[in-house]
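Please read the structure below before turning to the comments.
First the proteins, then the strands, lettered A, B, ... as listed; each starts at 1. The structure displayed is predicted, hence computed values, not measured ones.
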2 protein chains.
Amino acid sequence: MDLKLVTEISKCLANQTRIEILEWLKNPAENFPPHTSIDHYDDGVCATYIYEKSGLSQSTISNYLTNMEKCGLLVLTRHGKWSYFKRNQEVINEYTEFLK
Amino acid sequence: MDLKLVTEISKCLANQTRIEILEWLKNPAENFPPHTSIDHYDDGVCATYIYEKSGLSQSTISNYLTNMEKCGLLVLTRHGKWSYFKRNQEVINEYTEFLK
DNA sequence: TTGACATATCGGTAATTGTAGATACGTTTG
DNA sequence: CAAACGTATCTACAATTACCGATATGTCAA
């Protein structure tokens, strides 16, 4: 992981809501309702649930999630019309290792 | 460490120069000249050296260092007219633990 | 194939951050 | 005490980010 990417990731983390999203995604079952079309959280949580929990607008949260995915913090998996986001633990680990 | 502090620290990290400062301070002997008045880096590196290495203005670097100290990333020790800054490894560890 | 729904993107304004120069403050030294 | 030096603070403007509403896109279901 290089300096540029570390800086990009840090910028994504420089916002309370985005940190909270990462925290919520540590334990989806505890923080979100069950999905209607699947009975697991293997691909994370759908964007709507994150948006509803956040209190911010749909467009804002969509932007957050897209950026977090672009810098590698989240993994996106699409199932039909739904977008599921989960933590990218590998990237998070590399990031924290860099700072250490 | 709570959400607010994690967010503050992330904001400090959301800048390439500030990340670099933290990296430089991992190994002062390698990255800075020796100090003139003391022969060790036990309290870190004086602000002037960091400023000179950064390429940014003195006021900007002074601001950076002050903010990084306020949110706990750095420890400040004054010796006469010099301000020495070193990494606050405990806080950095708590921060990375929080994200994990 | 048309509506409904989930998400993404666009365009705009408010708020925050980046950064510098000028200046003030505190310490040392002549 | 005065000059020199290291650092901090103030002021201002540029650049970036935050965030929303409106709208577009893509998918499913009747």
With respect to F85(B), which candidate in T77(B), V45(B), L76(B) satisfies the side-chain contact (heavy atoms from CB on, under 4.5 Å) definition? L76(B)
Distance in angstrom units between [X] [atom1] and [N] [atom2], rounded:
X      : N       : atom1 : atom2 : answer
H79(B) : dT29(C) : NE2   : P     : 15 Å
L76(A) : dA6(C)  : CG    : C1'   : 13 Å
L74(B) : dA8(D)  : CG    : C1'   : 16 Å
L56(B) : dA8(D)  : CG    : C1'   : 17 Å
I50(B) : dG6(D)  : CD1   : P     : 14 Å
Y84(B) : dA8(D)  : OH    : P     : 13 Å
E52(B) : dC5(D)  : CD    : C1'   : 12 Å
N67(B) : dT9(D)  : CG    : C1'   : 12 Å

Closer to the 5' end of DNA chain D via nearest nucleotide, is it I61(A) or K81(A)? I61(A)
So if I take every side-chain heavy atom of [X] and compare against [options], which nucleotide ends up nearest?
X      : options                   : result
Y64(A) : dC20(D), dA18(D), dT19(C) : dA18(D)
N63(A) : dA8(D), dC10(C), dA18(D)  : dC10(C)
S57(B) : dA8(D), dA18(D), dA20(C)  : dA20(C)

Tell me whether the side-chain N or O atoms of Q58(A) pair up with the base of dA6(C) as donor and acceptor below 3.5 Å, since no angle test is needed here.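 Absent.
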Are K4(B) and F98(B) in a cation-pi contact, defined as NZ or CZ under 6.0 Å from the six-membered ring centre and within 45° of the axis? no
Any [X] side-chain nitrogen or oxygen under 4.0 Å from OP1 or OP2 of [N]:
X      : N       : value
N15(A) : dC19(D) : yes
R18(B) : dG18(C) : yes
T60(B) : dG18(C) : no
R78(A) : dA8(C)  : yes

By nearest-heavy-atom nucleotide on DNA chain C, the more 5' of W82(A) and S59(A) is W82(A)
Is the ring pair Y84(B)/H35(B) parallel, tilted or perpendicular, if the boundaries are 30 and 60 degrees?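 Plane angle over 60°, so perpendicular.
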Side chains of T96(B) and Y95(A) only: does a donor on one sit below 3.5 Å from an acceptor on the other?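 No, Y95(A) and T96(B) have no side-chain donor paired with an acceptor closer than 3.5 Å.
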Would you mind classifying the nucleic acid contact of L65(A) as base, sugar-phosphate or nothing, using non-hydrogen atoms under 4.0 angstrom?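 Nothing: the residue L65(A), judged by heavy atoms under 4.0 Å, touches no strand.
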Would you classify S62(A) as touching base, sugar-phosphate or nothing, given that sugar-phosphate means primed atoms plus P, OP1 and OP2, and contacts are heavy atoms under 4.0 Å?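 If one applies the 4.0 Å heavy-atom cut-off, S62(A) turns out to touch a base.
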Quick one: closest heavy-atom pair of P34(A) and Y49(A), and the distance?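 That would be O-OH, 2.9 Å.
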